[in-house]
2 protein chains.
Amino acid sequence: MSQASRLKQAIEDAVIAGEFQPGDRLDEASLAERFGVSRTPIREALLQLGAEGFIDVRPRRGAIVSVPSPTRLFEMFETMAEIESACGRLAARRLTPDNDAAMEAAHRACEAAARNGDSEQYYADNRNFHEAIYRASRNSFLADQAFALHKRLSAYRRIQLRARNRLLQSLQEHAGILEAIRAGDEQLAATRLHDHVLVQGERFSDMVLGLSPPGQSPAESRRETAK
Amino acid sequence: MSQASRLKQAIEDAVIAGEFQPGDRLDEASLAERFGVSRTPIREALLQLGAEGFIDVRPRRGAIVSVPSPTRLFEMFETMAEIESACGRLAARRLTPDNDAAMEAAHRACEAAARNGDSEQYYADNRNFHEAIYRASRNSFLADQAFALHKRLSAYRRIQLRARNRLLQSLQEHAGILEAIRAGDEQLAATRLHDHVLVQGERFSDMVLGLSPPGQSPAESRRETAK
DNA sequence: ATTTCTGATCTTGCATACAATTAATATATG
DNA sequence: CATATATTAATTGTATGCAAGATCAGAAAT
């Protein structure tokens with residue numbers, strides 16, 4: 001495989017792992033040195049990540065890890081909610097034994113992690129659970145879109161799973177989602193997934209609220225635009 | 001602005017305009033000559049377009065305009081249907097006078113084009129109408145996703161608007177969508193948009209059916225997966 | 001003390017050169 | 001004549017060099 005592809009993955013992983021935080025500068029020269037290559041493949045990797053919306057490449061001003069505004073972040077979670085609920089709707093309509101089993105297995109893993117209060121493990125298993133739902137939509141294109149957005153939001157999702165009660169609540173919501181999909185209730189599956197995802201966005205917004213200047217609350221601006 | 005950005009736009013436009021058709025090879029050297037630049041910015045543009053899914057860059061084997069399989073194409077239309085219906089749902093919930101006026105204006109333009117049987121003009125106005133709905137969702141991130149997918153599908157949508165009766169039917173569907181959004185009926189708006197988009201995918205599938213090998217019908221494979 | 005200019009420095013954008021891999025063509029072989 | 005193989009040509013991937021714009025520091029001015 002080409003250098004650029006590997007580098008793209010490596011940089012993306014570093015961002016997801018939180019090694020580069022939102023706002024951090026991704027300077028070509030130092031990345032080139034770090035990975036022992038020239039600037040060319042680094043540039044190519046950065047531009048691709050930029051095109052995917054993962055980072056922000058500003059002409060002549062270098063690349064930084066995106067810092068979405070609170071409003072933007074809420075919009076991203078809302079979009080994730082819509083896409084996930086679409087996956088859930090299709091999954092309820094098309095569920096196969098394979099996909100059912102995959103979701104079940106992922107759910108069990110989440111359960112175990114939650115029982116141990118291991119939020120890092122839950123974070124990983126939670127991702128598998130959601131990805132199982134994406135696949136269960138049996139629309140690989142939609143699933144790809146869902147994966148991509150899920151990754152972009154991972155940095156913001158991780159933080160809030162720290163709280164133990166949120167872990168248990170999340171698990172219960174998962175159970176409800178599974179139930180609805182198995183019952184073939186498209187509407188219910190869609191609604192439950194939508195709420196499950198959106199509550200994360202809202203929780204995160206509330207958290208950001210404490211750090212960001214007043215009057216900039218995403219929740220407020222949402223209600224405002226919601227009329 | 002940088003060369004690469006302009007080139008990216010230029011190549012994308014050429015693809016949308018149908019100058020490069022699905023399957024065509026996008027060779028770096030000839031593009032460089034055509035635009036009077038070196039291969040470097042061309043490569044950067046191609047890699048970005050590849051990351052956006054607009055073209056297909058195969059390692060060591062050059063870039064081609066994507067040739068989605070019939071199944072993949074159907075999945076893309078289905079995803080578009082889900083995203084558009086999400087836009088419609090939010091638009092119905094949050095409609096403002098500004099957005100209402102914009103949709104109305106776009107609808108009027110479609111009407112005029114349809115009356116004249118000018119399918120090229122209708123194609124352009126139709127796009128404006130849909131974009132007005134995306135914006136009316138008041139979620140700029142979701143709207144961006146919708147724009148992007150709309151562009152990717154444009155090559156496949158254009159062909160089928162040639163038929164005059166489809167033009168008139170499309171127009172009527174638009175009217176129904178507008179009505180639902182204005183009534184604030186989220187569910188109805190979502191359903192009508194979903195069907196409006198999906199019928200395009202199905203029509204296109206039927207068209208492709210004639211050209212593709214038997215047993216590969218996207219409609220069939222869909223029904224199959226739908227169980 | 002704060003702001004504005006000016007030059008020095010650093011970083012990015014593009015071109016060119018070369019290396020590595022794939023595709024094409026010719027040649028050999030059954 | 002078809003198939004396999006070797007050689008050549010074409011194309012992509014990476015490195016390097018240089019020019020142009022951005023950033024920063026310090027001096028001058030308000």
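In this text the structure is predicted, and so the values were computed from the model without any measurement.
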Task: Spacing of Leu46(B) atom CG relative to dC14(C) atom C1', expressed in whole Å - done: 15 Å

Open item on the list: Whether Glu12(B) and Lys8(B) form a salt bridge (side-chain N of Lys/Arg under 4.0 Å from carboxylate O of Asp/Glu) is what I want to check.
Closed with: no

Open item on the list: Let's see if you get this right: which residues in residues 32-40 of chain B place a heavy atom under 4.0 Å from DNA chain D?
Closed with: Arg39(B)

TODO: Give the rounded distance in Å between these two atoms: CZ of Arg58(A) and P of dA22(D).
DONE: 12 Å

Open item on the list: For a 4.5 angstrom cut-off between non-hydrogen side-chain atoms, does Leu31(B) reach Leu46(B)?
Closed with: yes

Task: Separation of atom CG in Asp56(A) from atom P in dT12(C), rounded to whole Å - done: 14 Å

TODO: Compare side-chain N and O positions of Arg43(A) against OP1 and OP2 of dT12(C) and report whether any pair is under 4.0 Å apart.
DONE: no

- [ ] Locate the shortest heavy-atom distance separating Asp24(B) from Glu19(B); write the atom from each residue and the value.
- [x] OD2-O, 4.2 Å

TODO: Runs of at least three consecutive Watson-Crick or G-U pairs, both distances under 3.5 Å, are what I'm after; which ones involve DNA chain C?
DONE: C:1-30 with D:1-30

TODO: Mark yes or no for whether Glu28(A), through its side chain, and Arg39(A), through its backbone, hold a donor-acceptor pair below 3.5 Å.
DONE: no

Task: Ala4(A) vs Pro59(A), nearer the 5' end of DNA chain D by closest nucleotide - done: Ala4(A)

- [ ] Take the angle between the ring planes of His196(A) and His174(A) and call it parallel below 30°, perpendicular above 60°, tilted in between.
- [x] perpendicular

- [ ] Please report, rounded to the nearest Å, how far the C1' atom of dT14(D) is from the CG atom of Leu47(B).
- [x] 13 Å

- [ ] Record whether the side chain of Arg60(B) comes under 3.5 Å of the base of dT22(C) through a donor-acceptor pair of N or O atoms.
- [x] no

- [ ] Measure from CG on Leu26(A) to C1' on dT12(C) and round the result to the nearest Å.
- [x] 14 Å

- [ ] Give the intermediate values and the outcome of side chain to side chain contact (heavy atoms under 4.5 Å, CB included) for residues Glu78(B) and Leu142(A).
- [x] CA-CA 8 Å; Glu78(B) 187 173 73; Leu142(A) 177 62; 5.7 Å; no

- [ ] Nearest whole angstrom, please: distance from the C1' of dT16(C) to the CD of Glu28(B).
- [x] 14 Å

Open item on the list: Taking only side-chain N and O atoms of Arg25(B), does any of them lie within less than 4.0 angstrom of OP1 or OP2 on dT12(D)?
Closed with: yes

- [ ] Would you tell me if any nitrogen or oxygen in the side chain of Arg61(B) comes within less than 4.0 Å of OP1 or OP2 on dA23(C)?
- [x] yes

Open item on the list: Which heavy atom of Phe129(A) sits nearest to which heavy atom of Ala106(A), and what is that distance?
Closed with: CA-CB, 3.5 Å

Open item on the list: In this structure, how many angstroms lie between the C1' atom of dC14(C) and the CD atom of Gln48(B), rounded?
Closed with: 14 Å

Open item on the list: Looking at Asp144(B) and Arg72(A), is any side-chain nitrogen of the basic one under 4.0 Å from a carboxylate oxygen of the acidic one?
Closed with: yes

Task: Atom-to-atom span, CD1 of Ile42(B) to C1' of dG13(C) - whole angstrom - done: 14 Å

Open item on the list: For Ala45(A) versus Ala4(A), what's the shortest heavy-atom pair and its separation?
Closed with: CB-O, 3.8 Å

